[in-house]
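Here is the structure we will look at, set down as structure tokens.
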Amino acid sequence: MEINRDAFLLNIVDLYSLFQVLMKKETINQTEIVFYNSIREVPEWKWQLLQSILLQKEYIGSTLADVAKHHGKFDLFIKAKQYDELLEERINLTICFNTMLKNISIKSKALVCLIHTINGEPVDIISEDKQDEVYKQLLATNISTEKVDLLLEELKKNY
């Protein structure tokens, strides 16, 4: 069986073009990062991890504004004598405060879930240690908070 070399190469080029459309390439301070651009491309376990991190961002947070929000809820639960909710809010406040003290950006952690490659190397975030490693690589690019927000919002639109 003879393989048509030109047709074969054309198919490779077509697959590469499709890959480029499905992925979003960003160069951040001389570091090339390729992000998944569609839910169809993200492995299920990464999608689940992303959802978990986004829930933490939404309900727990990691900023001074989030701490203030928890304090406001604290006061409401005390006045309403809702002690179970108060206990849960205390736990959320502690997690939020610890995250803030450790200088961890929940938004950047979420963005890590959507990274496919850094400088052409596939990222591995299967363990917490590896997630931290990729998180540190992302931060080492000196990515701005604004860029994290923009990328996360843009990529979330495709999900």
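All values derive from a computational prediction rather than experimental measurement. Atoms considered below: every heavy atom in the structure, side chains included; atoms not considered: hydrogens, waters and symmetry mates.
Atoms CG and NZ, on Leu138 and Lys147 in that order, are 11.5 Å from each other to the nearest 0.5 Å. Residue Thr145 holds its OG1 atom at 7.0 Å from CG of Asp149, rounded to the nearest 0.5 Å. Remark: Lys57 NZ to Ser62 OG distance equals 9.0 Å, nearest 0.5 Å. Note that CG of Leu87 is 11.0 Å distant from CZ of Phe77, once rounded to the nearest 0.5 Å. To the nearest 0.5 Å, atom CD1 of residue Ile106 and atom CD of residue Gln56 are 3.5 Å apart. Of the inter-residue distances, the one linking Cys96 atom SG with Tyr59 atom OH reads 15.0 Å to the nearest 0.5 angstrom.
What you find for Ile60 and Asn92 is that their closest heavy atoms are CG2-O, 3.5 Å. Residues Ile115 and Tyr36 share a closest heavy-atom pair of O-CE1, 3.8 Å. Taking every heavy atom of both residues into account, Ile143 and Asn29 meet most closely at N-ND2, 4.5 Å. Taking all atoms of both residues into account, the shortest heavy-atom contact from Lys46 to Val42 is CB-CG1, 3.6 Å.
Side-chain contact between Phe35 and His116 is absent, with no heavy atoms from C-beta onward closer than 4.5 Å. Using a 4.5 Å heavy-atom cutoff, the side chains of Ile118 and Val34 are not in contact. Side-chain contact between Asp66 and Met100 is absent, with no heavy-atom pair separated by less than 4.5 Å. Between Ile95 and Ile91 the shortest side-chain heavy-atom distance falls below 4.5 Å. Side-chain atoms of Ile28 and Leu151, non-hydrogen and from C-beta on, do get closer than 4.5 Å to each other. Within the 4.5 Å cutoff, the side chain of Lys109 has heavy atoms near those of the Asp132 side chain.
Leu93 and Leu76 fall into different hydrophobic clusters, defined by Ile, Leu, Val, Met, Phe, Trp and Tyr side-chain heavy atoms under 4.5 Å apart, directly or through other members. Using a 4.5 Å cut-off between side-chain heavy atoms of Ile, Leu, Val, Met, Phe, Trp and Tyr, with links allowed through other members, Ile53 and Phe97 fall into different hydrophobic clusters. At a threshold of 4.5 Å between side-chain heavy atoms, the hydrophobic network of Ile, Leu, Val, Met, Phe, Trp and Tyr places Val67 and Leu86 in two separate groups. Linking ILVMFWY side-chain heavy atoms closer than 4.5 Å, directly or via other members, places Val112 and Leu55 in two distinct hydrophobic clusters. Leu64 and Val148 fall into different hydrophobic clusters, defined by Ile, Leu, Val, Met, Phe, Trp and Tyr side-chain heavy atoms under 4.5 Å apart, directly or through other members.
Counting only distance, with no hydrogens or angles, the side chain of Ser105 and the backbone of Ser108 share a donor-acceptor pair below 3.5 Å. Between the side chain of Gln131 and the backbone N or O of Ile125, at least one donor-acceptor pair lies under 3.5 Å.
The 12-atom threshold is exceeded at CZ of Phe74, counting heavy atoms of other residues, nucleotides or ligands nearer than 6.0 Å. In this structure, Lys69 places its NZ atom where more than 12 heavy-atom neighbours from other residues, nucleotides or ligands lie under 6.0 Å away.
The residues Glu26 and Lys24 are annotated as salt-bridged, a charged nitrogen and a carboxylate oxygen being separated by less than 4.0 angstrom.
Under 3.5 Å, the side chains of Gln48 and Glu44 contain a donor-acceptor pair of N or O atoms.
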